[in-house]
Amino acid sequence: MMTSVVRDVQEILARLNVKPEAFTGGSLSVVTPVSGETIAEVRETSVDDARTAIATAHAAFLAWRRVPAPRRGQLVRLLGDELRAAKDDLGRLVSIEVGKVPSEGLGEVQEMIDICDFAVGLSRQLQGQCFPSERYDHRITEQWHPIGPVGVISAFNFPVAVWCWNAALALVCGDSVIWKPSEKAPLTALAVDAICKRALARFGPDAPAGLLALLVGGRDLGECLVADASVPVISATGSTTMGRIVGEQVARRFGRSILELGGNNASIVTPSADLDLTLRAVAFGAMGTAGQRCTTMRRLIVHSSVYDQLIPKLVSIYSNISIGCPLSSNALVGPLIDRRAFDAMQAALEAARAIGAVIHGGERVDVNGDASYYVRPALVEVSRQEGPVVEETFAPILYVMKYQTLEEAIALQNGVPQGLSSSIFATDMREVETYLSAGGSDCGIANVNMGTSGAEIGGAFGGEKETGGGRESGSDSWKSYMRRQTNAINYGRELPLAQGVTFDVGDTKPTVRK
């Protein structure tokens, strides 16, 4: 008997023009975390077909790079238009497939639309620089060229937005794109692929076949993509363990990696903090997306003078936060992605108990039966930073600890292997500026009076240390999808050499024979 969720999925995919044979009768079962039921059986891409798609993408790149960049931008503009038209359906599908509450599902699609807008403007701004030369009658310039096919390996927690960060920029930069989505979220990828096909059809014959490729399946497809030397850029989002493997393999063939890996993000609450604002920001930062964002707040470092004012109120928020099905309630916290995530959360809480932590919450909540995994977010008071506190658990656990001096707090924040996002709550200018200085946060993102989540597309997104060092989305991250070329141009009739070097081979004027 077809359930309402399965019917909903089929109707959405039909409206988005995804062919039924793509998600029925296949070998990859898709399970919704909302109820734990199987909602589709997706057909997987074979390794041979993946190699063919990569070869076709390379051929597409050779043609696409010759299309003027502003014209390439028009394809991305059309993609943004199609995403606007499909926003409600795609946002709903995100909620079904990965369990996001409705505003977060829709917000992820809005992020795709926003990066398309950004990339359209960028298509007229891929500028190099001009430098003064020490040689007379010379000019030195720098320009950027398309680099080649870009492989994108995305994770379940942002099943479509991260692809679009990469694809929108890569397309205007003149590259083709090959996407290997998480095997936990292939339906949203199929939907986006269908949306792209509509944009490509509207764009016309300037877009070559194979410009945007989709590889649906497991690890073997990712390995195929990472190993192929014809794919010069691999952008991979996932665990630090995965990133080490990808980074090493891509480096071995002298490729380029954009790695967005683990985050063990901390916020510091100073004596000057606005505590009401802090409470609201911590609640979203630590519990939004059921703690399954790479930027989720996982540690809260609170000054001892405000600890007893803040933490009891925070415990109350945790005790009363709404938890429920994102498809049929207004709950703020939806499900964990699967049993494995739940088990990892419980193991981390047990490890915290072993070091004497005081745990509030963390228990399983019965929402849609035994096959789904809803939990109450956990607030864990610890006396020291060790054990599970220095590890990333992809679940809603917030470790809370005290500090005495700002220097101590910054050392605690920076004292983990990861370096993605961070924040400080303060109204004292000296505290804020110290935190943002070279001796402050060592993370790629450092926010003030807000949580660690909620990045906008205008700023480059990424982190340091075991987070991988990659940058995606805004600012000048487009340079990761292009190759740099320096040009020295001699427009004179002589040949002065740089650094005062001389190399006189005598008269080189051609001899005129009679």
Side-chain angles (χ1 to χ4, degrees), residues 11-19 22 57 60-61 63-65 67-97 100 102-126 146 150 152 154 158-179 181 185 187-214 455-458 461 472-474 477-478 481:
E11 290 173 354
I12 289 171
L13 293 175
R15 285 195 295 271
L16 294 177
N17 297 323
V18 179
K19 296 179 179 179
F61 158 71
W64 185 240
R65 66 182 178 177
V67 176
R71 172 67 176 146
R72 299 194 297 251
Q74 291 307 301
L75 173 58
V76 178
R77 180 182 65 79
L78 293 171
L79 175 57
D81 290 346
E82 294 294 342
L83 287 167
R84 284 180 175 86
K87 180 178 177 179
D88 288 346
D89 276 336
L90 186 56
R92 175 78 171 180
L93 192 59
V94 169
S95 291
I96 293 171
E97 191 165 42
K100 289 190 175 185
S103 69
E104 292 192 31
L106 292 169
E108 181 164 352
V109 183
Q110 185 60 49
E111 197 164 2
M112 301 173 76
I113 295 167
D114 292 345
I115 195 63
C116 285
D117 287 349
F118 178 92
V120 172
L122 178 65
S123 68
R124 293 182 180 271
Q125 299 180 69
L126 301 172
V150 173
V152 180
S154 59
F158 277 84
V160 289
V162 170
W163 169 82
C164 208
W165 286 358
N166 288 273
L169 298 191
L171 284 171
V172 299
C173 288
D175 304 325
S176 54
V177 181
I178 309 153
W179 183 16
L187 295 180
T188 45
L190 289 171
V192 170
D193 188 57
I195 291 167
C196 288
K197 284 182 169 63
R198 290 204 295 275
L200 288 163
R202 290 175 60 192
F203 184 73
D206 281 351
L211 183 62
L212 294 170
L214 176 63
E456 298 180 33
I457 58 90
F461 181 89
E472 296 172 315
S473 190
S477 58
W478 59 270
Y481 308 91

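Along the sequence shown, residues carry numbers from 1. All values below were derived from every heavy atom in this structure, side-chain atoms included, with hydrogens, water molecules and symmetry-related copies excluded.
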CD-CZ distance between E11 and R92, expressed to the nearest 0.5 angstrom: 10.5 Å
Exercise: do R71 and Q74 side chains pair donor with acceptor under 3.5 Å: no
Stepwise side-chain contact (heavy atoms from CB on, under 4.5 Å) test for I12 and L187: CA-CA 10 Å; I12 289 171; L187 295 180; over 6 Å; no
Residues S154 and W179: side-chain donor-acceptor under 3.5 angstrom: yes
Separation of I115 CD1 from C164 SG (nearest 0.5 Å): 7.5 Å
Exam field: side chain T188 to backbone V94, donor-acceptor pair closer than 3.5 Å: no
Enclosure of R15 CZ (heavy-atom neighbours >12, cutoff 6.0 Å): yes
Test log, rule side-chain contact (heavy atoms from CB on, under 4.5 Å), inputs F61 and D175: CA-CA 6 Å; F61 158 71; D175 304 325; 4.0 Å; yes
Atom pair CD1/CG of I113 and D81 - distance to nearest 0.5 Å: 9.5 Å
Contacts table for residues 165-172: side-chain donor-acceptor under 3.5 angstrom, sequence neighbours left out:
{"from": "W165", "atom 1": "NE1", "to": "E111", "atom 2": "OE2", "distance (Å)": "3.3"}
{"from": "N166", "atom 1": "OD1", "to": "S235", "atom 2": "OG", "distance (Å)": "2.7"}
{"from": "N166", "atom 1": "OD1", "to": "Y481", "atom 2": "OH", "distance (Å)": "2.7"}
{"from": "N166", "atom 1": "ND2", "to": "V162", "atom 2": "O", "distance (Å)": "2.9"}
{"from": "N166", "atom 1": "ND2", "to": "S235", "atom 2": "OG", "distance (Å)": "3.4"}
{"from": "N166", "atom 1": "ND2", "to": "E472", "atom 2": "OE2", "distance (Å)": "2.9"}

Reported CG-to-CD1 distance for the pair D114 and I457, which is rounded to 0.5 angstrom: 5.5 Å
I195 and M112: CA distance, side-chain angles, deciding distance, side-chain contact (heavy atoms from CB on, under 4.5 Å) verdict: CA-CA 12 Å; I195 291 167; M112 301 173 76; over 6 Å; no
Any side-chain heavy-atom pair of C116 and L83 under 4.5 Å: yes
Reported NZ-to-CG distance for the pair K197 and L79, which is rounded to 0.5 angstrom: 12.5 Å
Non-hydrogen side-chain atoms of V160 and E97 separated by less than 4.5 Å: no
Expected output: side-chain R198 to main-chain L16 donor-acceptor under 3.5 Å: yes
